[in-house]
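Have a look at the structure below, then the notes.
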Amino acid sequence: MRRLWRLLTSLRTAAVLMAVLGLFLLLNVAVPQRAVVGEETFARLAERGAARLALVTLGLGSIPTNPAFLATLGLFFLSLGASLLERFRPMLRRSGRGRPTPEAAAAWLARPGALRVPLPEGWSARSASEVLRVCGYRTAGVGDGRLWGVRNAAAPLGFALFHASFFVLCLGGLLLWGTRFAGTATAIEGQPWQGAYGRVVREAPWGARPRLAFTVSDVESRAERGQPVHLGATVRFLHAGRGAEQKARVNEPATWGSSTVLLQTAGLALQLWLQDAEGYTLERVLAPAVKTAGEPSVVPLAGGRWEVVAPPLERDAFPARAELPETAVRLLVRPSGGGEAVFDGALRPGDSVRLGPDRLVLEDVRPWVGVLVVSERGGALLVAGFLLGVAGLTWRMIWYRREVLLAWDDGALTLAGRSEHFPLRFRQELEALLALLAAEAGSGGAGAGASHEPGTTRTDDE
Amino acid sequence: MSELFGILFWATLVVYALAVAAQLFGQVFARPPWSRRANLLVVGGLAAHTVLVAWRWIETGHVPTIGNFENALVGGWFIAAMTAWAGRGERYPLLAAGSLPLALVILGGGAMSDTKPQPMVAALQSFWLYIHIFFAWLAYGAYSVACGAGVVYLARSRKGREADPAALARLDELMFRSTAFGFVTDAVMIAAGSIWAKSLWGSYWSWDPVETWSLLSWLVYGLALHLRTTLGWRGRRLAWLLVFAIIGVLISFWGVNVVMEGSAHVFNVG
């Protein structure tokens, strides 16, 4: 048991586990992944032979759910937890503000690396303490003629904070994985949308689909030189009779509870009426037919007898709201299953086309938006994990713990120090601090005159 | 790019290349004045580079962040600026020779992609873009300095060569400090990118190739810090690790978008 504990808390184990996780991440990029290439492409790649063995049987085609990866991740967290438990008490001790004993201080001053200058005239312990406080040190006396200071005393706890944040991130990730639902939908301006997904991208393993209903209005799409520079709409949620309007755009989705509605694309919807010779309406269709990219859309009419083909609109040509009633839409009308087109041209709202004895009328043109509806929980934990992690890292690596010990007698002023990291940088800080102390005491130029014994200033790194 | 911009761009690259050459010449042939000239060349090149960034900013009307060329332009600036800052006062006489070649590779690669100014697409109109990109450049700049210091350390400490222990100790500490700074800023970059991805793509993490490679790169540097602080890796071992680790940074900066069209980092939303 003891051996197992030592193995779990060993830093070599941590390094090996990190290296193995790195290897899995490398595989995630190097090997085609199902989630990245899509089901169709993945199925083609994994049809037979070695590819099937690697991608499907060994699970290398979906690293995030690969059992070996998950086992390594589990071991990593186990090792991390054990290491945190084992190192917590020593870390607390190292983070304390307890001053050294007089004997420990004497031993510290006797070590090589201390800086020494003649005692400046006008020297005062009080002003020295003040200088150290201004430089960020908390000070305390250690016997006669000695002053101890510590800066960022609790910085070693940054280690615990940073590594503990991994657990928070993991918990957030797990919650997100379990509760995430995603589906794409098309919402036509003025038409309520109530859960009709075009494609369900992912069902949530835990819990039901979100109950959402909304309408969109004021759809705007603009492009410059063929690049989409703006896509926005007003989304009005319809829940329990209350409406809540939100202006949404790319990067600013509309939200309702744990659900998010992200605008992704836009186009024009055609309201088509098929009328007979006497003007009676045979069929009404409202179709989000005109897209801004991809293949032409096909709208079947009259029980499949006719089809209306709408080529994609150029991004730069998306009409402004005021222009919609006059917008000319390019359409091709032909019998289903091929055959010569009976119409190939542009129609404006109100225009019509003869289809044998019947008439096809383009009644209205309205914008539509393609949205991605996402519902998930756990985002707050993830953000909290990020904040804790960055705070812990900054605390530990940037604001690391530093201690100084100042001793003075009739002849000399001695400054010794130790820092958690960066001994050479810290020695420069000590030299600057000594110069400041001497200048404050009024003698001036102590930095240039400082002598020190050979060797490096002691750090916890060594 | 316009003709004048192009001339200034290539002139900047030439100045950086001359700085590298001058540092190498000064060290190899023991001519200290050449090392000083090299530092002046770095500063001069950086001044011209700053003009280029400002020019592009004014021309496009937005921070130069769109496309490989603009990212290379600003990313290269950060590498050069951090190299100049770390090497100030001639503390590290060969640092520019170690890290500026990375800036040259990135800038040269950027120049081979489409340099036409692009409008700020809808997907990039976010406050998080600036946080994400800024910390990315800080991180990559710091990693480049660490790599440069590693290269210099390896060159100075190779067998059969007498090396100044104090100089090696300074380089060793520079490697560690740059890596630590890069690691912290890299973490902020990943966090900011993840929060931004939620607003843009509806998911904090999609295992997109660029995301995964950034995480892998961060893990490698985390491993380097672990090996240094807990297992005492320093000197040549650490230097070799940092020299190889920069490959991950270059791949996540360049290679993934070039090779893998499936990356969502092409920002085609809207």
Side-chain angles (χ1 to χ4, degrees), chain A residues 11-12 14-15 18-19 21-22 25-26 28-29 33 35-38 63-64 172-173 176 180 182 221-225 227-232 249-253 260 262-266 315 372-374 376 379 382-383 386-387 389-390 393-394 397-398 421-425 456 461-462, chain B residues 118-129 166 169-170 172-174 176-177 180-181 183-184 187-188 190-192 194-196 198-209 212-213 215-216 219-220 222-223 225-232 234 251 256 260 262-264 268-270:
Chain A
L11 298 159
R12 278 197 170 82
M18 284 170 74
L21 284 173
L25 290 180
L26 190 60
N28 190 73
V29 184
Q33 298 293 294
V36 174
V37 302
I63 295 289
L176 284 165
R180 182 179 167 83
S221 175
R222 283 194 308 275
E224 269 179 44
R225 287 174 265 154
Q227 303 281 345
V229 295
H230 176 74
L231 173 61
R249 63 177 187 89
V250 174
N251 277 307
E252 284 180 25
T260 312
L262 298 106
L263 305 187
Q264 299 212 301
T265 187
R315 279 192 208 273
L372 176 68
V373 176
V374 175
E376 61 189 5
L382 211 69
V383 173
F386 287 145
L387 289 171
V390 171
L393 259 185
T394 308
M397 304 299 303
I398 310 285
H421 304 299
F422 317 134
L424 299 181
R425 174 90 182 90
T456 57
D461 270 352
E462 294 161 9
Chain B
Q118 300 289 336
M120 182 63 109
V121 295
L124 293 177
Q125 292 172 23
S126 170
F127 170 71
W128 286 106
L129 167 74
R170 282 198 301 273
D172 180 74
E173 184 162 301
L174 180 62
F176 182 37
R177 280 175 65 200
F181 182 75
F183 189 71
V184 177
V188 178
I190 291 172
S194 180
I195 294 169
W196 181 22
K198 173 63 181 169
S199 303
L200 181 60
W201 298 319
S203 170
Y204 288 99
W205 192 266
S206 315
W207 295 104
D208 163 77
T212 307
W213 205 280
L215 185 63
L216 173 61
L219 194 65
V220 169
L223 188 61
L225 289 176
H226 257 272
L227 292 170
R228 166 59 178 246
T229 57
T230 56
L231 294 177
R234 41 179 20 104
I251 290 175
V256 187
M260 307 190 79
S263 169
N268 56 2
V269 175

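These numbers were taken from a predicted model, which means no experiment stands behind them. Every heavy atom of this structure was used, including side-chain atoms; hydrogens, water molecules and symmetry mates were not. Chain A is the first sequence line, chain B the second, and so forth, proteins listed ahead of strands; every chain is numbered from 1.
Within the 4.5 angstrom heavy-atom criterion, only side-chain atoms of A:Glu376, from C-beta onward, approach chain B. For A:Ala15, the parts lying near chain B are the backbone and the side chain together; criterion is any non-hydrogen pair under 4.5 Å. With a 4.5 angstrom heavy-atom cutoff, B:Val184 touches chain A via backbone and side-chain atoms both. The contact between A:Leu21 and chain B is made by backbone and side chain atoms together, counting heavy-atom distances below 4.5 Å. Using a 4.5 Å cut-off between heavy atoms, B:Phe183 contacts chain A through both its backbone and its side chain. Heavy atoms of A:Arg425 lying under 4.5 Å from chain B belong to its backbone as well as its side chain. Of the atoms belonging to B:Leu231, it is side-chain heavy atoms, and not backbone ones, that fall under 4.5 Å from chain A. Using a 4.5 Å cut-off between heavy atoms, B:Leu227 contacts chain A through its side chain alone, with no backbone atom that close. For chain B, the nearby part of A:Val374 is the side chain; its heavy atoms alone come within less than 4.5 Å. Only the side chain of A:Met397 comes within less than 4.5 Å of a heavy atom of chain B; its backbone N, CA, C and O stay farther away. Interface residue A:Leu26: backbone and side-chain heavy atoms are both found under 4.5 Å from chain B. Heavy atoms closer than 4.5 Å to chain B are found in the side chain of A:Val383, but not in its backbone.
Between B:Val121 and A:Gln227, the shortest heavy-atom contact is CG1-OE1, 3.6 Å. The heavy-atom pair separating A:His230 from B:Ala122 by the smallest distance is N-CB, 3.9 Å. The heavy-atom pair separating B:Tyr204 from A:Gly379 by the smallest distance is OH-CA, 3.4 Å. Closest approach of B:Ser199 and A:Pro253 over heavy atoms only: O-CD, 3.6 Å. Taking every heavy atom of both residues into account, A:Ile398 and B:Phe181 meet most closely at CD1-CD1, 4.3 Å.
With rounding to the nearest 0.5 Å, the separation of NZ in B:Lys198 from CG in A:Leu382 is 10.5 Å. Atoms CD and CG, on A:Glu252 and B:Leu200 in that order, are 11.5 Å from each other to the nearest 0.5 Å.
The most heavy-atom pairs under 4.5 Å with chain B, out of A:Val229, A:Asn251, A:Leu25, come from A:Asn251. Among B:Arg170, B:Gln125, B:Met120, B:His226, the residue with the largest count of heavy-atom pairs under 4.5 Å with chain A is B:Gln125. When the candidates A:Leu393, A:Leu176, A:Leu387 are compared by the number of heavy-atom contacts under 4.5 Å with chain B, A:Leu393 comes out ahead. Per-residue heavy-atom pair counts under 4.5 Å with chain A were compared for B:Leu215, B:Leu225, B:Val220, and the maximum is reached by B:Leu215.
Within the 4.5 Å cutoff, side-chain heavy atoms of B:Ser203 are placed close to those of A:Arg180.
Judged purely by atom type and a 3.5 angstrom limit, A:Glu224 has no side-chain atom pairing as donor or acceptor with the backbone of B:Pro119.
With a 6.0 Å radius and a threshold of 12 heavy atoms from other residues, nucleotides or ligands, A:Arg12 has its CZ atom at or below the threshold.
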